[in-house]
Colleague: 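Below is the structure I would like to discuss, written out as structure tokens.
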Amino acid sequence: MNDQAQSLRRLMSMRASSESDPSSGQTRVITVTSGKGGVGKSNFTLNFALALQARGHKVLIFDADMGLANLDTLMGVSPRYNLYHLLKQNKSIQAIIHECYGGLQFIAGGSGVTELLHLSEQELDIFKREIERLNGVVDFIIFDTGAGLSNETLRFILSADETIIVTTPEPPSITDAYAVMKMVKGLGHEVNFRLVVNRATDLREGTQTADKIRMAAHRFLQTDVPALGYVLDDSNVSKAVKMQKPFTVAYPHSSASRSIANIADRFLSGSTSQPSANAGIKGFLYRMFKRVK
Ligand SMILES: Nc1ncnc2c1ncn2[C@@H]1O[C@H](COP(=O)(O)OP(=O)(O)O)[C@@H](O)[C@H]1O
Ligand SMILES: [Mg+2]
């Protein structure tokens with residue numbers, strides 16, 4: 001109870017930095033996904049979130065990977081409650097948020113992620129009400145999803161304001177990243193995809209990989225997939241994973257950390273899109289559930 005009261009106060013006293021930045025003012029919802037597994041989505045999500053936070057933004061990361069949830073392991077935390085407790089056990093959004101590095105907010109999806117697609121009317125109302133409390137409190141909500149296209153992941157892709165698709169330079173990873181975009185396009189949906197090439201050996205490999213995907217998407221899917229950048233392959237990532245610390249915290253001067261900083265700068269410099277009625281948490285919830293009923 002005391003815990004809850006404390007986190008409620010914390011949440012309410014937090015002012016999203018967007019309030020002082022009249023150009024934004026809306027929580028942006030981002031999905032991170034990939035075609036193939038193990039390409040570095042969770043490491044990217046966590047460290048990218050920390051980089052946005054270091055640039056003055058309030059960020060919440062949400063582990064929406066049902067099968068291989070591991071954001072908690074990457075940070076060495078084990079939150080007591082997850083989305084399941086919110087949906088099924090009347091826990092508030094404040095109760096299931098775990099505060100990590102420098103105020104980074106974290107929600108574990110747990111088995112709640114599959115439940116999301118099978119909510120009763122009443123549970124749905126509760127979920128919407130609780131999620132809407134984050135509106136304007138955080139600048140970014142980033143969903144780390146599973147690989148491949150499960151129904152749940154697809155729903156997050158279709159509902160977010162934008163989707164960052166992570167690939168490595170290896171052909172199977174490229175093919176599967178392309179397959180995700182093709183599938184989404186085939187369903188008749190327009191999604192703002194952005195590309196991150198992870199584990200690139202050098203600038204050249206990062207650029208070439210991004211170009212390959214961009215050109216294929218442009219030519220065969222009539223889709224523009226701007227690249228956000230690349231993250232260099234760096235043994236410090238694996239070392240940090242073993243230490244259960246984000247690599248940008250454990251090795252802030254490593255080449256992988258510098259890559260993440262560049263991506264965050266590029267991401268924020270391209271974020272001048274005007275707030276629209278369909279964006280943000282309300283738009284996300286609308287798209288997430290409009291096909292459920
Ligand atoms: N930039 C990188 N350089 C070196 N190794 C990396 C990098 N990114 C990820 N890895 C390795 O890949 C593993 C899987 O990363 P993870 O983020 O868990 O992938 P996913 O979430 O896509 O399954 C990590 O434990 C790490 O060993
Ligand atoms: Mg993962």
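Whatever order the structure lists ligands and atoms in, that order sets their numbers, starting from 1.
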Colleague: Report yes if some heavy atom in the side chain of E152 is under 4.5 Å from a heavy atom in the side chain of L116; otherwise report no.
Modeller: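 SC-SC contact between E152 and L116 ruled out.
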
Colleague: At a non-hydrogen distance cut-off of under 4.0 Å, which region of S42 contacts ligand 1 (side chain, backbone, both, or neither)?
Modeller: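 Contact part for S42 vs ligand 1: both backbone and side chain.
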
Colleague: Nearest 0.5 Å please: distance from the OG1 atom of T27 over to the NE2 atom of H57.
Modeller: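 It comes to 12.0 Å.
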
Colleague: To check you understand the geometry: which heavy-atom pair defines the closest contact between V32 and T145, and what is its length?
Modeller: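 For V32 versus T145, the nearest heavy atoms are O-OG1, 2.9 Å.
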
Colleague: Could you tell me whether any N, O or S atom belonging to S42 is less than 2.8 Å from the Mg ion (ligand 2)?
Modeller: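 Under 2.8 Å: S42 contacts the Mg ion (ligand 2) through an N, O or S atom.
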
Colleague: Hey, which atoms in ligand 1 end up nearer than 4.0 Å to a heavy atom of V231?
Modeller: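 Listed by number with element, the hits are 1 (N).
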
Colleague: What part of N43 sits under 4.0 Å from ligand 1 if we count only heavy atoms: the side chain, the backbone, both or neither?
Modeller: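 The part of N43 near ligand 1 is both the backbone and the side chain.
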
Colleague: Below 4.0 Å, non-hydrogen atoms only: which portion of N198 touches ligand 1? Side chain, backbone, both or neither.
Modeller: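 Answer for N198: side chain.
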
Colleague: Look only at interatomic distance and state if S238 has a nitrogen or oxygen under 3.5 Å from any nitrogen or oxygen of ligand 1.
Modeller: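 No; every N/O pair is 3.5 Å or more apart.
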
Colleague: For M243 and Y251, what are the C-alpha separation, side-chain angles and deciding distance, and is it a side chain to side chain contact (heavy atoms under 4.5 Å, CB included)?
Modeller: CA-CA 11 Å; M243 291 160 66; Y251 303 103; 3.5 Å; yes

Colleague: So, taking the atom named CD in E115 and the one named NE2 in H118, what distance separates them when rounded to the nearest 0.5 Å?
Modeller: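 So the CD of E115 and the NE2 of H118 are separated by 7.5 Å.
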
Colleague: Side chains of F247 and V241: closer than 4.5 Å at any heavy-atom pair?
Modeller: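 Counting from C-beta outward, F247 and V241 never come under 4.5 Å.
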
Colleague: Taking only heavy atoms of D233 into account, list the atoms of ligand 1 that are under 4.0 Å away from them.
Modeller: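 Near D233, the atoms of ligand 1 are 3 (N), 4 (C).
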
Colleague: How far is atom 18 (O) of ligand 1 from the closest protein heavy atom, and which atom is that?
Modeller: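 Of the protein heavy atoms, N70 ND2, 3.3 Å lies nearest.
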
Colleague: Considering only non-hydrogen protein atoms, determine which one is nearest to atom 19 (O) of ligand 1 and report residue, atom name and distance to 0.1 Å.
Modeller: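 For atom 19 (O) of ligand 1, the nearest protein heavy atom comes out as G40 N, 3.0 Å.
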
Colleague: Quick test: of every protein heavy atom, which one is nearest to atom 12 (O) of ligand 1, and how far off is it to 0.1 Å?
Modeller: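 Heavy-atom neighbour on the protein nearest atom 12 (O) of ligand 1: R199 NH1, 3.7 Å.
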
Colleague: Checking a contact table here: which protein heavy atom is nearest atom 14 (C) of ligand 1, and how many Å away?
Modeller: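 For atom 14 (C) of ligand 1, the nearest protein heavy atom is G38 O, 3.9 Å.
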
Colleague: Does any part of the side chain of I97, heavy atoms only, come nearer than 4.5 Å to the side chain of L60, both counted from C-beta?
Modeller: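 In contact.
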
Colleague: Which word best sums up how the rings of F267 and F48 line up, parallel for under 30°, tilted for 30 to 60°, or perpendicular for over 60°?
Modeller: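 If you compare the ring of F267 with that of F48, the planes turn out perpendicular.
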
Colleague: Regarding ligand 1, does F44 bring an N or O atom to under 3.5 Å of one of the ligand's N or O atoms?
Modeller: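 There is no such contact.
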
Colleague: What protein heavy atom lies closest to atom 3 (N) of ligand 1? Include the residue and the distance to one decimal.
Modeller: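 Answer, as residue, atom name and distance: D234 N, 2.9 Å.
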
Colleague: Could an N or O of ligand 1 be found under 3.5 Å from any N or O of S235, whether backbone or side chain?
Modeller: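 There is no such contact.
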
Colleague: Give the ring-plane orientation class for F62 versus F156, where under 30° counts as parallel, over 60° as perpendicular and anything between as tilted.
Modeller: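 F62 vs F156 ring planes: tilted.
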
Colleague: Counting only heavy atoms, which portion of L232 has something under 4.0 Å from ligand 1: side chain, backbone, both, or neither?
Modeller: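 For L232, the contact with ligand 1 is made by the backbone alone.
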
Colleague: For atom 20 (P) of ligand 1, what is the closest protein heavy atom, and at what distance to 0.1 Å?
Modeller: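 For atom 20 (P) of ligand 1, the nearest protein heavy atom comes out as K41 N, 3.5 Å.
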
Colleague: How does V241 reach ligand 1, by side chain, by backbone, by both or by neither, if only non-hydrogen atoms under 4.0 Å count?
Modeller: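 For V241, the contact with ligand 1 is made by the side chain alone.
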
Colleague: Rounded to the nearest 0.5 Å, what separates atom CD1 in I213 from atom CG in L221?
Modeller: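 If we round to the nearest 0.5 Å, I213:CD1 and L221:CG are 11.5 Å apart.
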
Colleague: Write out the residue and atom name of the closest protein heavy atom to atom 2 (C) of ligand 1, then the distance separating them to 0.1 Å.
Modeller: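 Looking at atom 2 (C) of ligand 1, the protein heavy atom closest to it is V237 CG2, 3.5 Å.
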
Colleague: Would you say that V197 contacts T168 through its side chain, given a criterion of any heavy-atom pair below 4.5 Å between the two side chains?
Modeller: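 V197 does not reach T168 side chain to side chain.
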
